[in-house]
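Please read the structure below before turning to the comments.
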Amino acid sequence: MSATVSFKVPSPRGPQPVTVSYARVGSGEPLLLLHGIGHHRQAWDPVVDILATERDVIAVDLPGFGVSPALPDGLAYDLPTTTAVFAAFCEALGLERPHVAGNSLGGLLALELGRERLARSVTALSPAGFWSEPERRYAFGVLTAMRQISRRLPLPLVQQLSRSAAGRTMLTSTIYARPGRRSPEAVVAETLALAGATGFDATLRAGRAVRFTDDLPGLPVTVAWGTKDMLLVRRQGVRAKQMIPRARLVRLPGCGHVPMNDDPALVARVILDGSRAPGAR
């Protein structure tokens with residue numbers, strides 16, 4: 001069921017109103033799902049029903065992405081602000097330290113929420129923030145090109161391309177290892193989401209100086225990386241393990257940067273296992 005919630009977030013100009021769109025399903029301990037830059041909460045659709053058998057699953061559209069409105073003037077698209085947004089979001093929904101799983105930018109946000117002790121456990125799928133500078137420039141260049149293409153393609157052409165496996169591969173092979181598995185409707189929707197993401201440019205600018213450089217002692221952390229991730233190469237997972245020595249590092253064979261569609265059963269199992277780890281209470 002899709003819903004929205006509004007709340008206030010502190011800023012130098014005083015409390016600012018923020019509205020976040022989300023979908024919630026299932027029962028059990030709360031599990032917050034955070035997508036990557038330019039994507040939307042439907043990126044999690046392949047795994048939501050599996051997760052919902054054991055968890056109260058809350059999949060959100062980040063501010064300025066999907067159907068969540070842009071942040072108001074005075075709030076930046078940086079990590080401290082976005083972390084504050086989701087702290088307030090959880091408070092508004094009565095979520096006391098949910099489990100948090102995120103992909104790409106969402107993985108970095110999940111780790112930040114863990115660092116702030118706002119999460120019971122963290123599962124980060126190909127998280128941002130463990131790149132070298134050349135790797136970051138490469139990833140940002142690819143993301144910028146994807147954004148430009150999505151904004152230039154007429155909708156009828158996107159719809160036509162989405163009807164064939166070859167067309168879906170052309171549109172989404174940067175993020176999926178098995179793009180032919182994505183439904184035509186999903187490919188059209190996520191292409192439109194990327195084109196219309198009001199927070200994209202500001203988020204990318206804010207990410208230029210981002211590195212995740214903290215250990216998370218006492219918190220169950222899983223870092224998972226697709227073996228066919230072409231956007232954030234998998235050696236970044238080794239760096240994440242070095243930074244967070246107690247983290248569980250998991251390979252996702254045959255998966256790309258957004259692994260939920262490439263192998264839903266494996267990704268759901270990794271998330272659920274991470275949320276069952278000792279200390280995830």
Side-chain angles (χ1 to χ4, degrees), residues 1-49 51-125 189-190 192-194 196-200 202-203 206 260 271 275:
M1 180 71 71
S2 178
T4 60
V5 62
S6 298
F7 44 86
K8 296 290 183 68
V9 175
S11 83
R13 303 181 187 180
Q16 298 290 318
V18 173
T19 299
V20 169
S21 178
Y22 66 96
R24 189 170 189 175
V25 64
S27 60
E29 295 175 356
L31 169 63
L32 181 64
L33 302 179
L34 304 173
H35 63 74
I37 186 170
H39 227 147
H40 55 175
R41 67 174 182 262
Q42 287 83 354
W44 296 99
D45 282 356
V47 299
V48 162
D49 287 345
L51 298 173
T53 62
E54 295 189 32
R55 296 286 177 260
D56 173 14
V57 180
I58 304 100
V60 303
D61 281 330
L62 302 183
F65 297 93
V67 295
S68 286
L71 290 172
D73 292 341
L75 289 180
Y77 285 89
D78 57 15
L79 276 179
T81 301
T82 309
T83 302
V85 165
F86 283 105
F89 172 85
C90 289
E91 185 176 355
L93 264 61
L95 306 175
E96 185 176 354
R97 292 186 71 233
H99 302 284
V100 185
N103 173 224
S104 195
L105 168 63
L108 173 60
L109 293 174
L111 290 166
E112 282 287 321
L113 289 168
R115 190 173 64 83
E116 294 295 325
R117 294 297 182 245
L118 297 169
R120 302 184 198 192
S121 69
V122 169
T123 302
L125 310 174
E190 61 195 353
L192 293 175
L194 177 57
T198 55
F200 183 93
T203 299
M260 297 83 81
I271 293 171
S275 71

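Pairs passing the salt bridge (Lys or Arg N to Asp or Glu O under 4.0 Å) check and including a residue from residues 57-82, sequence neighbours excluded, read Arg41-Asp61. Listed by first then second residue, pairs satisfying salt bridge (Lys or Arg N to Asp or Glu O under 4.0 Å) with a partner in residues 4-17 number zero, not counting sequence neighbours. Residue pairs meeting the side chain to side chain donor-acceptor pair (under 3.5 Å) criterion with at least one member in residues 100-113, sequence neighbours excluded: Ser104-His257, Glu112-Arg115.
Checked options Leu71, Leu105, Val85, Val20; the residue passing with Leu62 is Leu105 (criterion: side chain to side chain contact (heavy atoms under 4.5 Å, CB included)).
Proximity of Leu108 to Leu79: side-chain heavy atoms (C-beta onward) are separated by under 4.5 Å at one or more points. Counting only heavy atoms from C-beta outward, the side chains of Leu51 and Leu33 approach each other to under 4.5 Å. Side-chain contact between Phe86 and Pro63 is present, with at least one heavy-atom pair separated by less than 4.5 Å. Ser68 has its side chain out of reach of Val60: every pair of non-hydrogen atoms, C-beta onward, lies at least 4.5 Å apart. In this structure the side chain of Phe65 reaches within 4.5 angstrom of the side chain of His35, judged on heavy atoms. Looking only at side-chain heavy atoms (C-beta outward), Leu32 and Phe89 come within less than 4.5 Å of each other.
Closest non-hydrogen pair, Ala110 versus Val122, comes out as O-CG2, 3.3 Å. Minimum heavy-atom separation, Ala92 to Val5: CB-CG2, 3.9 Å. Annotation for Thr83 and Leu118: closest pair CG2-CD1, 4.4 Å, computed over non-hydrogen atoms. Of all heavy-atom pairs between Val18 and Pro72, the closest is CG2-CD, 4.1 Å. Nearest heavy-atom pair, His99 versus Ser121, reported as atom, atom and distance to 0.1 Å: ND1-OG, 2.7 Å. Of all heavy-atom pairs spanning Pro98 and Cys90, the tightest one is CG-SG, 3.8 Å.
Of the possible donor and acceptor atoms, one in the side chain of Arg120 sits under 3.5 Å from a partner among the backbone N and O of Glu96. At least one donor-acceptor pair closer than 3.5 Å links the side chain of Arg97 to the backbone N or O of Ala119.
Between atom CZ of residue Arg24 and atom CG of residue Leu95 there is a gap of 5.0 Å, rounded to the nearest 0.5 Å. To the nearest 0.5 Å, atoms NE2 (His40) and CG (Leu192) are separated by 9.0 Å. Taken from CG in Leu31 to CG in Asp56, the straight-line distance is 8.5 Å, to the nearest 0.5 Å.
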Please walk me through it: do Ser275 and Glu29 pass side-chain contact (heavy atoms from CB on, under 4.5 Å)?
CA-CA 9 Å; Ser275 71; Glu29 295 175 356; 5.7 Å; no
Does the pair Trp44 and Val57 meet the rule for a side-chain contact (heavy atoms from CB on, under 4.5 Å), with working shown?
CA-CA 10 Å; Trp44 296 99; Val57 180; over 6 Å; no
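Take Ala84 and apply the side chain to side chain contact (heavy atoms under 4.5 Å, CB included) test, not counting sequence neighbours, and it matches Val9. The side chain to side chain contact (heavy atoms under 4.5 Å, CB included) search around Ala202 returns Tyr77, Arg205, not counting sequence neighbours. Partners of Thr4 under the side chain to side chain contact (heavy atoms under 4.5 Å, CB included) rule, at least two apart in sequence or in another chain, are Thr19, Ser21.
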